Structure formats: C-alpha cells, structure tokens
Number of protein chains: 2
Amino acid sequence: MTTDPATTGSRPRGQTRERILEAAMEVFAEVGFSGATISEVERRVGLAVGTGSLYRHFPSKQALLDAAVEREVASLRAEMAQARAAVAEVADPLERRRLGYEQSLHDFRRFDRLFRLMLTEGERVPELRQAIWAAVQRDVPGALGDRDVVDAIAMAALGGYHLFSLMQGRPFNGIPEERFLAVLAGLTGPPEN
Amino acid sequence: MTTDPATTGSRPRGQTRERILEAAMEVFAEVGFSGATISEVERRVGLAVGTGSLYRHFPSKQALLDAAVEREVASLRAEMAQARAAVAEVADPLERRRLGYEQSLHDFRRFDRLFRLMLTEGERVPELRQAIWAAVQRDVPGALGDRDVVDAIAMAALGGYHLFSLMQGRPFNGIPEERFLAVLAGLTGPPEN
DNA sequence: GTCTATAAGTAGATAGAC
DNA sequence: GTCTATCTACTTATAGAC
C-alpha cells in the first residue's frame, strides 16, 4: 500500500507530537529558550536533523514552547491531585505535618523542569508563572497570624532544600530528606495559637 | 595631540573594561549565556553595536563570561567580609541569631545575579558553583546533630524566601522580611543540645 | 508524515583604517 | 582604543518531492 508506514516513513497520528513535546520540555529546561535549537529536539525525537521536520507539527519555536509548557502543567496537576488524595487522613498531628511536607517536597521535584524554565524564561510564558504559583502561594485575607508565617517558613525551607540539593548534586549539606522533614516537622509544631 | 581621547575616541585604560564587565554580568544574569548577545553588551556600554568593538577587550564570549563572573565573585566576597565584621558581638542570643539570618538573607540578595546564572549556566562555569557554595555550605565532620539540621533548615528557608519573593515580585506570600526573620529566629532557638 | 534543498536572518569573530 | 566592513557558521523557517 502507498500508505504503509514502513514505506512512507510515517507514524501513528499524534504519537510523534507527544514525543516532540517531551523532548522539547527536556531541552528547554536544560538550556533555556534561546539556548534550545529545533535541531536538538529533532535529534532526540529521531527526526531528520537540521531540517524543518518539526515544523510539520508546530508552526514556530515559540508555539512549541507554549505547547510543551501547557502539557507539562496539565500532567503535573493530575499527578499532584492523585498524590494528595492518598494522604489527608492521618491521626497524629506531627506525622500528618511531616507527610504534608513530604508531599510538598515531592511537588517541588515534580515541578523541577518548569521551575528552571520559569527562572530563565519567566516573561516569555506568563501563564507559566501563574500555574506554578497556584501551587505554592497562599494568600491570607486580613492580618497574618504567626501560624501563617510558620507555614510560609516551612514552604520556603522545602523549596530551599530542594534547590540547594539540586545545586550541590546531593542532599543539601549531606542531610537526608527524611531527617530534614522530621526535624522541620518538629520545629514548626505544635501550633502556638 | 593625536593621542587626545576626544579626537581618537579612546578612553582611559581599563575603565571601559570595567563597564563592559558590569554590563555583561547584567545581561548574562537576565537572559543567560546563549540568550546574551555581544551586541547587547556593546549597546549598554555605548560601543558601536553589531560590530566586534568588544573583541578588543575580550577574545571571546566565553572569556567575557569568565571574567564577569570572576569580578562579581571577588566583589561580593569583599562586600560580605565587610558586613560580617560589623555584627558578631551582640549579647542577646535570640537577637544575635536574628541578625545572623538577616545577614544571610542580604547575602542571598547580593548573590542574586550569580545565583541566577548558576541555575542556568551551572556547567559552563564550574568555578561559579564552588564560589557560591563556599558561602552557603557547611560540612560537618562526623554525625549531624539536630542543631546542624536546624541551621540548614534556617539557611534553606532564607534561600527559599529570597527566591520566592523574587519570583512573586514582592515579599513571599506578603510576609515582610522583618516578620519572617523574627518568627524564624524564634522557631530555631533556643538550641536543644 | 518524513525527507531534501534552500532561503533569510542573526550572531560570533576578524582585518584594517583612523 | 574605537570604528567600518566583512566572513563564516548556525538557526529559524519554507517549498516541494516521496
């Protein structure tokens, strides 16, 4: 047949698109928007390099970035929602807090690629900033209680731990995750007010 | 005279070099290495744009990055050492701890440009990673005491607060710096062991 | 849906006049 | 020490055959 994939070099509809988006997200996170090249994405996907093979799927480099970010955000949202549902009902307050922190830390890990991308290309994808902050931000109406500040400190500590670990290429200052979480949970509770 | 700056277009030796390095650090921090263009640096310095005016001062873009980073690191080291000397001797432990945290937070602010650059171009300037971590890292020989972990938590929280504030474009979750520092200092002390 | 060929623009870098 | 002119390589993007 003339439409046989093996003879025409074509693949099932939509499958290549997904692989392009995954590879693109990788490259963008690694080297940023300007550092990324269409050729490199083509290379990782297995398309012909240096030619516009990719442009049959996306009209421009910017459109590729937008689509890759959108896909990543949607994917992470689903992942997080699923993980949340599994926790929630633990009796011991200290253990519940520790588990919550563990969740948040894993969320940071999940967001890693988007995180890096936001740092380098924040203004290029305004939607990106919002999407990320919906997860971390907690705006308290009215006056901030000490408890709100403590919660923010915990969140900042987890974000810092994640980032510093990433930079050092090992657990931050050699402190294992479990240890960090346990001490942090002990530090931030019990509530004072 | 034929050597008059006004007629030859030349400037005092070394002065242009400094202005180039400052402008380059700015651009690199803003858009990363690949995003930065020699032309943009020339524009900010006031040199002819689009031509290799800059190459009379630095042999390559990479050399420019290296020199800019080295200058920034040296400058920050001096600044920090000076700031440290001014604190140190406060009687009240709580207040001393709060002051220490304030110092660290300000250090993070100072390191901001290098910080961003390391996140985006970490592998391109290996020296950069080392230089930054000399300031934050604290490797404890032997077993980690709870106090060491608490100190790391404080450092991580300050780093996270700084970064999140940067991203949100305002104090993290609306919490003013003084409030954050005061609550954090209360949380991490007094030492338990 | 993938490939070859190629156009158009941009960025790093060099040579040489002033 | 700065400028004009220019080279080369790379990158985005398009046209069209298979």
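In the text below, chain A, chain B and the rest are named by the order of the sequence lines, each starting its count at 1. Keep in mind the model is a prediction, meaning the values are calculated, not measured.
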Exercise for review: Please evaluate the base of dG1(D) for a donor-acceptor partner in the side chain of R19(B) within a cut-off of under 3.5 Å?
Suggested key: no

Exercise for review: Calculate, to the nearest 0.5 Å, the distance between atoms CD1 and CG belonging to I153(A) and D148(A) respectively.
Suggested key: 11.0 Å

Check your understanding: In whole angstroms, how far is the P atom of dA13(D) from the NE2 atom of H57(A)?
Key -> 15 Å

Check your understanding: If you check the K61(A) side chain, which of dG1(D), dC3(D), dT12(D) turns out closest?
Key -> dT12(D)

Review point. Is R116(A) salt-bridged to E121(A), cutoff N-O under 4.0 Å?
Key: no

**Study point:** Any residue of residues 62-69 of chain A with a heavy atom less than 4.0 Å from an atom of DNA chain D
**Key:** none

**Study point:** Selection from dT2(C), dC3(D), dT14(D) that lies nearest to any side-chain heavy atom of R56(B)
**Key:** dC3(D)

Check your understanding: Is R43(A) salt-bridged to E40(A), going by a charged N under 4.0 Å from an acidic O?
Key -> yes

Review point. Can you check whether F33(B) and F28(B) have ring centres sitting under 6.0 Å from each other?
Key: yes

Practice item. For S53(B) and for S60(A), find the nucleotide of DNA chain D with the closest heavy atom, then tell me which residue's nucleotide is more 5'. Key: S53(B)

Check your understanding: Could R109(A) and E177(A) be called an ion pair, given the rule that one side-chain N must be under 4.0 Å from one carboxylate O?
Key -> yes

Revision key, fill the gap. Which of dG1(D), dT4(C), dA13(D) is nearest the side chain of Y55(A)? It is dA13(D)

Exercise for review: May I ask you to check whether Y101(B) and T188(B) show a side-chain donor-acceptor distance below 3.5 Å?
Suggested key: yes

Point to revise | Proximity to DNA chain C (any heavy atom under 4.0 Å), residues of residues 36-44 of chain B only | key: A36(B), T37(B), I38(B)

Check your understanding: Taking atom types as modelled, is there a side-chain donor on D107(B) or Q103(B) under 3.5 Å from an acceptor on the other?
Key -> no

Review point. Could you give the CZ-to-P distance, from F58(B) to dG1(D), as a whole number of Å?
Key: 11 Å

Check your understanding: Can you say whether the rings of F108(B) and H162(B) are parallel (under 30°), tilted (30 to 60°) or perpendicular (over 60°)?
Key -> parallel

